[in-house]
Amino acid sequence: MDNKNRPDYLQSLNDMQYEAAIHTEGPMLILAGAGSGKTSTMTRRIAYMIREKGIAPYNILAVTFTNKAAQEMRERVEQLVGGSTRMWLLTFHSTCLRILRVNAEKAGYHDGLTVYDPVDQKAVIRKCIKAANVNEKIFTPKMVLARISDAKEKGVNSAEFAMNAASPREKTIADLYRRYERELLSNNAVDFDDMIWRVVKMFEEYPEVLEQYRQRFQYIMVDEYQDTNYMQYRFVKALAGKSRNICVVGDDDQCIYEWRGADISNILSFEKDFPGARVIKLEQNYRSTGNILKAAHSVISHNRQRKAKKLWTAAEEGSRITYKRLQSEKEEAAWIADCIDRYVMEEGRQYQNFAILYRTNAQSRSFEEVLLTRGIPYVIRGTLRFYDRKEIKDMIAYMRLVANPDDNVAFTRVINEPKRSIGPKTLDKISILAEQQGTSMLRLLTDEEIVGGFTAKASEALRGFVRLIAECRAGMEDLSVSDIYDRLFEGSGYLAMLERERTTEAEGRLENLMEFKSAIADRESENPEMTLTEFLENLSLDAEVDQGSPESDDKVVLMTLHGAKGLEFPVVFMPGMEDGLFPGWRSLDTEEGISEERRLCYVGITRAEQKLYMTSATTRTLYGRTEYTKESQFLEELDSSLLDELSDEPGKSSYPTRKDGYAPEVRYSDSHRPFDPIRAQADVIKKKSRDIQRKNTKAAGQYAAGMRVRHKKFGEGMILEVSDNVVKVAFDRAGIKKLAAGIAPLEVIS
DNA sequence: TTTGTATGTATTTTT
DNA sequence: TACATACAAA
């Protein structure tokens, strides 16, 4: 194809990529193989729409699955179009949550809508299981939630579920589903499935709302289409139904989340859903050497039901895949460590060139042990997320309670954290009473009569707790998020609790909470007007936070095969190529199960740029049991002419080991540090919090009902009521607001 | 209400 | 093996 007439930013595309980029009208399916330049193509397509076709960014919706992908795409688009764009380039969940917030009332919710993560969901369903008084051995939270999620993905509500329930077991699940649904609604909360589903439902119930968004989003793009579930498909189809300007990008061979609801048939039947769809295959790979691609192809071609395609490369053949069977998982790890050492010593490679990709997280241990003793730097990516830590979740729960007083899960989480002598018994009472009165647990406790009904100790604690939350809620308009955080952290006694403990664990928690504070400050400096609600929303949708400093550090990367999707490394190790481990034993009995594992294997192989190693162990200790293993069937499926199997060389170790001493990282315990930054920060927080409190208690006296006041943001109004340091003002224009007496910039006029 | 001890269970997890 | 949860005792 003649490149001459292309705009400069399209010059670098190959013919297929170019065609995809300039095809803007009507449905299109881009089958983008691994490493085929998918993101380049997509971002250039958007740039082309904006720059050449004059399409307003306002009219474009681009949906991804991860925040990371969305962020990366946005950056690259902005580079291409020069300057920032206010286009909707978001994850499915952010997209739907935005729509849901704007139309909260129509969807049955109200202001302060909270997002429940899996831990919150579990808390809710456990409560439901208890309340329903059913066999907890059979109806485990995990199983029930899986069924509910499944139903929501299919758009089946609890009433419909109940109608389809034939067996007693199904009827029980229907009942639990009903309770769960009701609980979330009364808590003004949505789970991840709800975000998509409620929007789709609202589109059905309010065609004018759908029409409005159809008008807006004339052009729609969907990334990773093979991973969409049925409800996401419905969402996309509804929005694109009229304009039909929909471009989906994906690779059916990389669908590895079927177990989570991803429906591979969405991509397989796209041409049926959108007749006349243009199909473009991106098959040129820019990542791997020839042998790696051939190996990947030999494995994946054992799958039936796939779109015919074959990656090719202009690069050289490269070396073959090396396979080695070791004695145990310990030797397996040692062998891989040797390999890395050798590369580093002989070729001067950097550690970050290597990735160890395993099937299960449990496998990481043997690698950690070996790498640690050898002094090889490494990072484990994607395990416990920062925001999943207990102390972080606790503080988030406090903040959530301020933003949404209906959030019973948040209430239950922190009412006795730190210990306030509110045990399960008291909690039960509160819960039942709240339900009877049709209110939330926190709101119930604003009733002095009810609070007084508990023991002196408990009622005192409850009063303090409620006052703190109310004070922060009243301050929401005028305090920054970090101010609120400081006030909650100190005022709740959480800070004091951690300081009292004096264990290394408590120190670590304190450190994490300080880091959390700086994360808040970071976001605040980017967006000084950030509200608490906004902050919480971003948190719940963005699990990925700067995990130390991953990219820049020169470290071997350890992660699961699932986590590796979308990434690439010069040298990749795939340990644990054993039947029952990979493919996993739970997938063995179905064809679809094996197929998905095979796709996972394909994903793993195609992560490698230059060299791929596979290993297995004849005996493996898992869950404290040592067992003999059989080699993975994927090894047999892999074209043997591409595989070099290394045998044992008796008497000598096949690879040199690192002898030179490696100085372990020296860390001084906190008590030996001349200056303790954590303690210093804690003092700042304490001061800030007490400052807020002091201002508040002092200030209430100067206001009285009936006074006219002026507020910086809300203008003039009249005080309706003053109680507990909270001033209730009816503003002439902004409506009724509750404000913190000492914080709000109120000026008495008369 | 808190604490210690027994018991059962165990892929993968973008949001 | 290792962790979370359930239950009993103080």
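Labels below follow one simple rule: chain letters A, B, ... track the order of the sequence lines, proteins then strands, and each chain is numbered from 1. Being a predicted model, the structure only gives us computed values, none of them experimental.
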Requested in this report: For Phe92(A), enumerate each residue passing the ring-ring contact (aromatic ring centres under 6.0 Å, His included) test, keeping only those at least two apart in sequence or located in another chain.
Outcome: Phe65(A)

Query raised in the report: Nearest-Å distance, CD (Gln71(A)) to P (dT14(B))?
Result: 16 Å

Query raised in the report: To the nearest angstrom, how far is Asp191(A) atom CG from dT13(B) atom C1'?
Result: 15 Å

Query - Whole angstrom value for the distance that separates C1' of dT2(B) from NZ of Lys457(A) - result: 10 Å

Query raised in the report: So what does Arg126(A) hit on the nucleic acid, given a heavy-atom distance under 4.0 Å: a base, only sugar-phosphate, or nothing?
Result: sugar-phosphate

Report summary line: For Phe192(A), the ring-ring contact (aromatic ring centres under 6.0 Å, His included) test, sequence neighbours excluded, returns His93(A)

Query raised in the report: Using a heavy-atom distance cut-off of less than 4.0 Å, which residues of residues 416-428 of chain A contact DNA chain C?
Result: none

Report summary line: Its dot-bracket string being built from Watson-Crick and G-U pairs below 3.5 Å, with | for another strand and [ ] for crossing, DNA chain B has the pattern ||||||||||.....

Query raised in the report: Tell me: CD of Glu537(A) to C1' of dT15(B), nearest whole Å?
Result: 13 Å

Query raised in the report: Quick one: Tyr387(A) OH to dT13(B) C1', roughly how many Å, whole number?
Result: 19 Å

Query raised in the report: Looking at Glu631(A), Glu627(A), Glu332(A), which one forms a salt bridge (charged side-chain N to carboxylate O under 4.0 Å, His left out) with Arg620(A)?
Result: Glu332(A)

Requested in this report: Using the test side chain to side chain donor-acceptor pair (under 3.5 Å), find all partners of Asp223(A) that sit at least two apart in sequence or belong to another chain.
Outcome: Lys38(A)

Report task. Mind checking Arg625(A) for me? I need base, sugar-phosphate or nothing, with any heavy atom below 4.0 Å counting as a touch. Result -> nothing

Query raised in the report: Under 4.0 Å between a side-chain N or O of Arg381(A) and OP1 or OP2 of dT14(B)?
Result: no

Query raised in the report: Can you check whether Lys390(A) has a side-chain N or O nearer than 4.0 Å to OP1 or OP2 of dA4(C)?
Result: no

**Report entry** Rounded interatomic separation in angstrom, taking CG from Asp117(A) and C1' from dT14(B)
**Finding:** 15 Å

Query raised in the report: Taking only residues two or more places apart in sequence or in another chain, which ones pass ring-ring contact (aromatic ring centres under 6.0 Å, His included) with Tyr233(A)?
Result: none

Query raised in the report: Over how many whole Å does the gap from Ile129(A) atom CD1 to dA6(C) atom P extend?
Result: 10 Å

Requested in this report: Check whether any side-chain nitrogen or oxygen of Asn67(A) sits under 4.0 Å from OP1 or OP2 of dT14(B), and answer yes or no.
Outcome: no

Query - Rounded interatomic separation in angstrom, taking NZ from Lys68(A) and C1' from dT14(B) - result: 10 Å

Query raised in the report: dT11(B): syn or anti, with syn meaning chi within 90° of zero?
Result: syn

Report summary line: Residue set satisfying side chain to side chain donor-acceptor pair (under 3.5 Å) with Ser40(A), at least two apart, ordered chain then number -> Arg76(A)

Report task. Could you tell me how the ring of Phe411(A) sits relative to the ring of Phe465(A): parallel (under 30°), tilted (30 to 60°) or perpendicular (over 60°)? Result -> perpendicular

Report summary line: Which of Asn157(A), Asp191(A), Ile196(A), Asn229(A) passes side-chain contact (heavy atoms from CB on, under 4.5 Å) with Lys152(A)? It is Asp191(A)

Query raised in the report: Can you name the side chain to side chain donor-acceptor pair (under 3.5 Å) partners of Asn408(A), sequence neighbours left out?
Result: Asn187(A)

Report task. Output all residues satisfying ring-ring contact (aromatic ring centres under 6.0 Å, His included) with Tyr358(A), sequence neighbours left out; order by chain, then residue number. Result -> none

Report task. If a pair satisfies salt bridge (Lys or Arg N to Asp or Glu O under 4.0 Å) and one of its residues is in residues 583-604 of chain A, list it, with sequence neighbours excluded. Result -> Glu258(A)-Arg599(A), Arg304(A)-Glu591(A), Arg359(A)-Glu597(A), Glu596(A)-Arg599(A), Arg598(A)-Glu637(A)

Side-chain donor-acceptor contacts of residues 126-137 of chain A below 3.5 Å, not counting sequence neighbours, with atom names and distances?
| from | atom 1 | to | atom 2 | distance (Å) |
| --- | --- | --- | --- | --- |
| Lys127(A) | NZ | Glu183(A) | OE2 | 3.2 |
| Lys127(A) | NZ | Ser431(A) | OG | 3.4 |
| Asn135(A) | OD1 | Lys137(A) | N | 2.8 |

Report each atom pair, protein N/O against N/O of nucleotides 5-12 of chain B, whose distance is under 3.5 angstrom.
| from | atom 1 | to | atom 2 | distance (Å) |
| --- | --- | --- | --- | --- |
| dT11(B) | OP1 | Tyr623(A) | OH | 2.8 |
| dT12(B) | OP1 | Asn361(A) | N | 3.1 |
| dT12(B) | OP1 | Asn361(A) | OD1 | 3.4 |
| dT12(B) | O4' | Arg359(A) | NH2 | 3.0 |
| dT12(B) | N1 | Arg359(A) | NH2 | 3.4 |
| dT12(B) | O2 | Arg359(A) | NH2 | 2.3 |

